[in-house]
Asks: 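My questions all concern the structure below.
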Amino acid sequence: MSYWLFKTEPSECSIDDFANAPDTPIVWEGVRNYQARNMLRDEVQKDDLVFIYHSSCKLIGVAGIARVVRTAYPDPSQFSAASAYFDAKSSHESPRWVAVDLVFVEKLPAIIPLDKLKSLAKLSELPLVQRGSRLSVMPVTPEQWQSILQQR
DNA sequence: GCCAACGTTGGC
DNA sequence: GCCAACGTTGGC
């Protein structure tokens, strides 16, 4: 069992979308970066736990926790011309992008803000707080996971 | 395979 | 909205 952190813009998909549909899998689609894709495809396993991180919004930080219920499969949005995530260079025969499904686990009582995460020495190796890092899917070590959870 | 130009991310 | 940093594209 591994831990992850996934970034999302809450205007697109927020922890409340999970909380409002606690038994409905959320399709985590739209990852369009190869490094992130490779982790989704090759490493994210069923029952892994995921911090849901809100970016590009007023209150930036870790908002809650979700659990993986379906491992990587072809991201449907890449085939949909109407989707913002449409990729004309992908094909059903050889899909370029993958999605996973997540379900709600927990909404944190308060967002753990990015400032706080940056101030924690134990998180210095977490790509999220490293200069220039833009990874939208990243691994979290058990120690980092506990360190973040302690900020609740 | 190099690398300039362009596009995207995401905090501020 | 700005812009630094990074990623991708495509001509050569």
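Since we're looking at a predicted model, the values are computed, not measured. Every chain is numbered from 1, with letters handed out A, B, ... down the list of sequences.
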Asks: Among dG11(B), dG7(B), dT9(C), find the nucleotide with the atom closest to the side chain of R96(A).
Replies: dT9(C)
Asks: Is any side-chain N or O of K89(A) closer than 4.0 Å to OP1 or OP2 of dG10(C)?
Replies: yes
Asks: Below the 4.0 Å mark, does dG11(B) have OP1 or OP2 next to a side-chain nitrogen or oxygen of K58(A)?
Replies: no
Asks: Go through dG7(C), dC12(B), dT8(C) for me and flag the one nearest to the D115(A) side chain.
Replies: dC12(B)
Asks: Between the side chain of Q78(A) and the main-chain N/O of R96(A), is any donor-acceptor distance below 3.5 Å?
Replies: yes
Asks: Here's a test for you: under side chain to side chain contact (heavy atoms under 4.5 Å, CB included), which of D75(A), V98(A), D42(A) qualifies with R37(A)?
Replies: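 Output: one option passes, namely V98(A).
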Asks: Tell me whether the side-chain N/O atoms of Y85(A) come closer than 4.0 Å to OP1 or OP2 in dT8(B).
Replies: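 Checking dT8(B) against Y85(A), no side-chain N or O comes under 4.0 Å of OP1 or OP2.
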Asks: R131(A) near the nucleic acid: base, sugar-phosphate alone, or nothing, with a heavy-atom cut-off under 4.0 Å?
Replies: sugar-phosphate
Asks: In this structure, how many angstroms lie between the P atom of dT8(B) and the CG atom of L135(A), rounded?
Replies: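 The answer, rounded to whole Å, is 18 Å.
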Asks: State whether a side-chain donor-acceptor pair under 3.5 Å links S55(A) with R134(A).
Replies: no
Asks: Per the atom types in the model, does the base of dT8(B) pair as donor or acceptor with the side chain of R32(A) at under 3.5 Å?
Replies: no
Asks: May I ask you to evaluate whether K7(A) reaches the phosphate of dT9(B), defined as a side-chain N or O under 4.0 Å from OP1 or OP2?
Replies: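 No, no such contact exists.
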Asks: If you define the side chain from C-beta out and look only at heavy atoms, does anything of V50(A) sit under 4.5 Å from I52(A)?
Replies: yes
Asks: Counting side-chain heavy atoms from CB outward, which of dG11(B), dG7(C), dC12(B) is closest to S56(A)?
Replies: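 Closest of the options to the side chain of S56(A): dG11(B).
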